[in-house]
S.K.: 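I have a structure I would like to understand better, so I am pasting it below and will then ask my questions one at a time.
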Amino acid sequence: MSDHMAVHSTFTGGPIEQASIGPASANSISTSVPGITVAIDGSGDYNCDGTADQVEINEALQDAKNNNFDTVYLKSGTYTIDDSIEIPDDMTLTGDPDATVKLIANWDVTRADMFKSMITGTTVITGNFNKGSNITISGFTLDGNKHNQNTISEMKAIDSFPAIQFYYSEYITIKDMVIKEIPGDGIRLNNGISHHKVLNNLIYDTGHDDIFIKHGNYDVVDGNTLPLVAHDCGIRLDDSTNIMVTNNTIWTDSTALYGLSGIYLLKQDSDNDSYNITIAYNAIYDTREMGIVLATARGANNMPVTSARDVHIHNNIIYGSGTNYRTGHPYGGGIWLDGWNNTTVENNIIDGSMGDGIAYAQRFSGHNDTAIYTTFVRNNIIMNTVNSPIQTGDGYGISNRLGSNYNFVLENNVVWNNENGNYNNISSHDTDININPLFADPWNYINYKVSLWRWHLTR
């Protein structure tokens, strides 16, 4: 049984939804890919023995590059590595769906090795930061062996040792992968020239973010399934521009000590504006903190209102967000906004949040107290919000917890059955409706909620 199926059976308890959880095209990858093959059974152009297998894989990649092949293919089996696989530019590394690249247990590393990754490019920038261009990684499994890494665990190396990492790179495509049990980030793309694509991957049980993009530009994150957001966030974008985050399914591991927000935008770099970001058609369930959060921190404090702007959040389903709260972390709810201007929130369903359904609220200390911020909230359904036991002044459908310079413009929302009230510090909601919503396609929504509950209850 491949990890696609094994993981899905763990969460759903049966085969009925297997096609929806795994990478859509992983099983369709052909074994007759023209290029150079790597195997563990002696049938490849390069053959591995289970020890430092990155050596043979890297040799195969360089051989392919030197001989004008564009693909290296990993045949079925487990490849054990103790150092990085480095992919040359203009190259694809792919493989059978049951091919697994696994990090050795008790990896002997020091703090100088922090940010060494399982897969990266060949061009060294500095230290363990490599770059690449026009690289595709697809179709196999990366296993970070997280629970057998005593040295890394003792170092508490959160936000390090990622599975896939590229710096100052462009046109990186990561698709149809299983990425699991990673000590740090699942995918980390930093300081990029960008145009990256992260598509249809199954990522779970990472030590930091499942997908982390910093200074991204013209990137697409689409169709990924993130079922065990166990430490930080499912998808995190720092200081990024022109990004599409669409059709992803995200929920938190309710047994983990951490596991914060589903989709997290952070503005903290004073040198770059963040704008033109779309978050659409995502399903976010049972996050410990917020379903979606737009925050400012550190260097972004007191920056011009234009520094973080123009985010479009639409057609998402956010269910049960904020319900895995932790003492000492008074954050939770459907959508939180702080320091981002001209945001449009429309056509979303936000149901059963703990905290507030939609709120202006402060995630980090310090922000611009004088700038005027406007958020357009229209055609949403916001219902069944409940009060959080660790926050104060919450439990509303739509709430302004920051002050008069933060302005919601509400149009035609259905806001209903929120524990402490439908509105808090909202100047006008004349066009909203405050009755039980009548869904245009109620069976579709009910069936979707049932599938979410099944994932949750069978975990």
Side-chain angles (χ1 to χ4, degrees), residues 187 189 194 196-201 203 209-226 229 232-252 260-267 273-287 289-296 308-322 331-351 353 356-361 363 373-382 398 408 413 448 452:
I187 296 171
L189 302 169
S194 285
H196 303 318
K197 294 180 180 179
V198 181
L199 310 173
N200 302 320
N201 302 286
I203 307 174
D209 298 304
D210 290 345
I211 300 169
F212 182 14
I213 297 175
K214 184 173 183 179
H215 295 155
N217 192 24
Y218 293 104
D219 295 341
V220 176
V221 181
D222 181 85
N224 301 283
T225 302
L226 313 176
V229 180
D232 197 40
C233 303
I235 299 169
R236 175 173 165 179
L237 307 175
D238 283 16
D239 301 298
S240 294
T241 301
N242 300 315
I243 308 291
M244 298 286 293
V245 180
T246 52
N247 299 302
N248 303 285
T249 303
I250 304 169
W251 69 92
T252 297
L260 305 182
S261 299
I263 299 174
Y264 175 33
L265 274 59
L266 181 63
K267 183 73 183 87
D273 289 352
S274 294
Y275 56 90
N276 192 28
I277 298 171
T278 296
I279 302 172
Y281 300 102
N282 302 286
I284 304 170
Y285 176 66
D286 196 27
T287 54
E289 291 189 359
M290 287 72 74
I292 299 172
V293 56
L294 279 58
T296 57
R309 65 186 192 273
D310 303 335
V311 178
H312 191 190
I313 303 170
H314 68 91
N315 293 96
N316 303 282
I317 293 179
I318 302 173
Y319 183 78
S321 57
Y331 318 111
I335 299 175
W336 268 36
L337 307 159
D338 178 16
W340 291 69
N341 190 44
N342 196 36
T343 302
T344 299
V345 181
E346 62 181 341
N347 300 319
N348 303 283
I349 298 174
I350 303 171
D351 186 2
S353 295
D356 294 308
I358 298 176
Y360 278 130
R363 178 62 179 84
Y373 296 93
T374 301
T375 297
F376 300 92
V377 179
R378 57 195 180 215
N379 302 320
N380 302 282
I381 297 172
I382 306 159
I398 304 174
F408 281 123
N413 302 285
Y448 196 90
L452 290 175

S.K.: Against L294, only a single residue in T375, D338, T343 fulfils side-chain contact (heavy atoms from CB on, under 4.5 Å); can you say which?
M.R.: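 Running side-chain contact (heavy atoms from CB on, under 4.5 Å) over T375, D338, T343 with L294 returns exactly one hit, T343.
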S.K.: Verify side chain to side chain contact (heavy atoms under 4.5 Å, CB included) between V220 and L199, making sure each step is shown before the conclusion.
M.R.: CA-CA 8 Å; V220 176; L199 310 173; 4.1 Å; yes
S.K.: Report the relative orientation of the aromatic rings in Y285 and Y319; use parallel for angles under 30°, tilted for 30 to 60°, perpendicular for over 60°.
M.R.: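 Rings of Y285 and Y319: parallel, as their planes differ by under 30°.
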S.K.: For Y264 and S261, which heavy atoms make the closest approach, and how far apart are they?
M.R.: CB-CB, 4.5 Å
S.K.: Closest heavy-atom contact between A295 and W340?
M.R.: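 Looking at all heavy atoms of both residues, the shortest contact is O-NE1, 3.0 Å.
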S.K.: For the residue pair I381 and D351, establish whether any side-chain heavy-atom pair is separated by less than 4.5 Å.
M.R.: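 Not in contact.
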S.K.: For N224 and N201, does a side-chain donor sit closer than 3.5 Å to a side-chain acceptor?
M.R.: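 Indeed, the side chains of N224 and N201 share at least one donor-acceptor pair under 3.5 Å.
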S.K.: Could you grab the distance from atom CG of N413 to atom CZ of R378, nearest 0.5 Å is fine?
M.R.: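 Nearest 0.5 Å value for the CG-CZ distance: 10.0 Å.
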S.K.: Just how far is it from atom CG of N315 to atom OG1 of T246, taken to the nearest 0.5 Å?
M.R.: 11.5 Å
S.K.: Within this structure, what is the CG-CZ distance for the pair L337 and R363, rounded to the nearest 0.5 Å?
M.R.: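 These two atoms lie 14.0 Å from each other.
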S.K.: Are the side chains of I313 and N348 in contact, using a 4.5 Å heavy-atom criterion?
M.R.: yes
S.K.: For the residue pair F408 and Y360, categorise the inter-ring angle as parallel (less than 30°), tilted (30 to 60°) or perpendicular (more than 60°).
M.R.: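 Parallel.
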S.K.: Suppose we call two aromatic rings close when their centres sit under 6.0 Å apart. Are Y218 and H196 close by that rule?
M.R.: no
S.K.: Can you confirm whether the side chains of T252 and D286 place a donor and an acceptor under 3.5 Å from each other?
M.R.: no
S.K.: Name the one of N316, N247, D222 that satisfies side chain to side chain donor-acceptor pair (under 3.5 Å) with N282?
M.R.: N316
S.K.: Taking all non-hydrogen atoms of both residues into account, name the closest pair between N248 and V221 and its distance.
M.R.: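 N248 and V221 have their closest heavy atoms at ND2-O, 3.1 Å.
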S.K.: In Å and rounded to the nearest 0.5 Å, what is the CG to CD1 distance from L226 to I263?
M.R.: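 One finds 9.0 Å between CG of L226 and CD1 of I263.
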S.K.: I'd like to know if the side chain of N276 and the backbone of T241 have a donor-acceptor N/O pair within less than 3.5 Å.
M.R.: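 Looks like no, no N/O pair under 3.5 Å.
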S.K.: I'd like to check D238 versus F212 (side-chain heavy atoms, cut-off strictly below 4.5 Å). Are they in contact?
M.R.: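 Of all side-chain heavy-atom pairs linking F212 with D238, at least one is under 4.5 Å.
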S.K.: With a 4.5 Å heavy-atom cut-off, do N380 and I350 have their side chains touching?
M.R.: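 The answer is no; the side chains never approach within 4.5 Å.
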S.K.: Nearest 0.5 Å please: distance from the CD1 atom of I213 over to the NE2 atom of H215.
M.R.: 12.5 Å
S.K.: Are I279 and L265 close enough that some pair of their side-chain heavy atoms sits under 4.5 Å apart?
M.R.: yes
S.K.: Would you give the length of the straight line joining atom NE2 of H314 to atom CD of E346, rounded to the nearest 0.5 angstrom?
M.R.: 7.0 Å
S.K.: Could you tell me whether the side chains of T287 and S321 share a donor-acceptor contact shorter than 3.5 Å?
M.R.: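 Side chains of T287 and S321: no pair found under 3.5 Å.
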S.K.: Which heavy atom of L260 sits nearest to which heavy atom of V229, and what is that distance?
M.R.: N-CG1, 4.5 Å
S.K.: Nearest heavy-atom pair of K267 and A308: which atoms, and what distance?
M.R.: CG-CB, 3.9 Å
S.K.: For the residue pair I358 and I382, what are the closest heavy atoms and their distance?
M.R.: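 Residues I358 and I382, closest heavy atoms: CD1-CD1, 3.6 Å.
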S.K.: Under the rule for salt bridge (Lys or Arg N to Asp or Glu O under 4.0 Å), what residues qualify as partners of D232, not counting sequence neighbours?
M.R.: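 With sequence neighbours excluded, D232 shows a salt bridge (Lys or Arg N to Asp or Glu O under 4.0 Å) to R236, given in chain and number order.
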